[in-house]
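The analysis underlying the following values was restricted to heavy atoms, covering all of them including side chains, and did not include hydrogens, waters or symmetry mates. On a predicted model such as this, the values are computed, not experimentally measured, just so you know.
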Amino acid sequence: MATASALLVETVRLRLELRQALGEVEASRGRLLRTGYRERRRLERDLHDGAQSRLVSLGMALRLAQRHLDDGSVDIDGLLDQAVAELGTAVAELRELAHGLRPSSLDDGLGPALESLALRAPVLLDWRLDGRVLPDAVATTAYYVASEAVTNSVKHADATYIGVVVGEDGDGTLRVTIRDDGRGGADPHRGSGLAGLRDRVAALGGMLHITSGPGNGTTVEAVLPCES
């Protein structure tokens, strides 16, 4: 009876853990969907109010120039100057939108992106990258994990030093570790930054761990599958 009871207790425990895990996955998927909808609406609005309207205006200006090219009733040079300025502004706005989707520094790989992050950091930031060239989705996720963790350390932890280490484990996973010497006490359930990171990592099939004892700094560690 004792053995049977122990098996029953273990079965119930496993079922509860499975139910909790499924609930967390469902909640994570819901947050990702809502975030995706918000970002799509923001992009649609920014494109409509910015680059799209400028390009429409540019097309109308060029059409006007075409119609009056030979009759001298329109200042063609001024119209073309205005069109070139509108085109330059539209290109700049499109670049800003694209940067919000994916940092352009990742075009050259994760290493240059981390170097750029270190140069922009207002505190001492050391970084090390070990391993082969990574799939784009893995490199992008790793970068955002590092970037968000560094931002949190600077804004909330009063850190003076941050270390970022990115390297492959022997089991085909990539480990991204960010440690700071700040005040600690970070709560992953408060605010949207760390929760968003957890969702981003989970969407790739990885795991995010946060260790942050009061007065002992914070360690953010993401484990990402990186096998091609």
message = So which atom in Ala142 and which in Leu110 form the shortest heavy-atom distance, rounded to 0.1 Å?
response = CB-CD2, 4.0 Å
message = For a 4.5 angstrom cut-off between non-hydrogen side-chain atoms, does Val145 reach Val201?
response = yes
query = Distance only, no hydrogens: is a donor on one side chain within 3.5 Å (strictly under) of an acceptor on the other, for Arg120 and Ser116?
reply = yes
Leu134 side, atom CG; Leu224 side, atom CG - distance, nearest 0.5 Å = 9.0 Å
key: Point-to-point distance, once rounded to the nearest 0.5 Å, from CZ of Arg179 to OG1 of Thr211   = 9.0 Å
Working for side chain to side chain contact (heavy atoms under 4.5 Å, CB included), residues Arg15 and Thr11 = CA-CA 6 Å; Arg15 286 181 176 178; Thr11 301; 3.9 Å; yes
message = If we check side-chain contact (heavy atoms from CB on, under 4.5 Å) with Thr177, which of these qualifies: Thr219, Val166, Val220?
response = Thr219
inquiry  = Go through it in stages, so that I can follow the logic: the residues are Asp126 and Arg128, the test is salt bridge (charged side-chain N to carboxylate O under 4.0 Å, His left out), and I'd like the CA-CA distance, side-chain angles, deciding distance and then a yes or no.
reply    = CA-CA 7 Å; Asp126 289 335; Arg128 188 178 80 241; over 6 Å; no
request  = Check whether any side-chain N or O of Thr173 sits under 3.5 Å from a backbone N or O of Asp169 as a donor-acceptor pair, and report yes or no.
outcome  = no
key: Pairwise side-chain contact, Leu106 with Tyr143, heavy-atom cut-off 4.5 Å (strictly under)   = yes
key: Short side-chain donor-acceptor distance under 3.5 Å, Thr218 and Ser212   = yes
query = Nearest 0.5 Å, what's the CD-CG distance between Glu115 and Leu119?
reply = 5.5 Å
query = Once you round to the nearest 0.5 Å, how far does CG of Asp158 lie from CG of Asp180?
reply = 10.0 Å
ask   = Quick one: do Arg175 and Glu221 make a salt bridge, cutoff under 4.0 Å?
value = yes
ask   = Which one of Leu129, Leu117, Val150 satisfies the side-chain contact (heavy atoms from CB on, under 4.5 Å) criterion with Val164?
value = Val150
Side chain to side chain, Val123 and Thr160, heavy atoms closer than 4.5 Å = no
Leu197 to Tyr144 - nearest heavy-atom pair and separation = CD2-O, 3.6 Å
query = Passes side chain to side chain contact (heavy atoms under 4.5 Å, CB included), Met207 versus His209? Steps please.
reply = CA-CA 7 Å; Met207 296 181 295; His209 307 284; 4.0 Å; yes
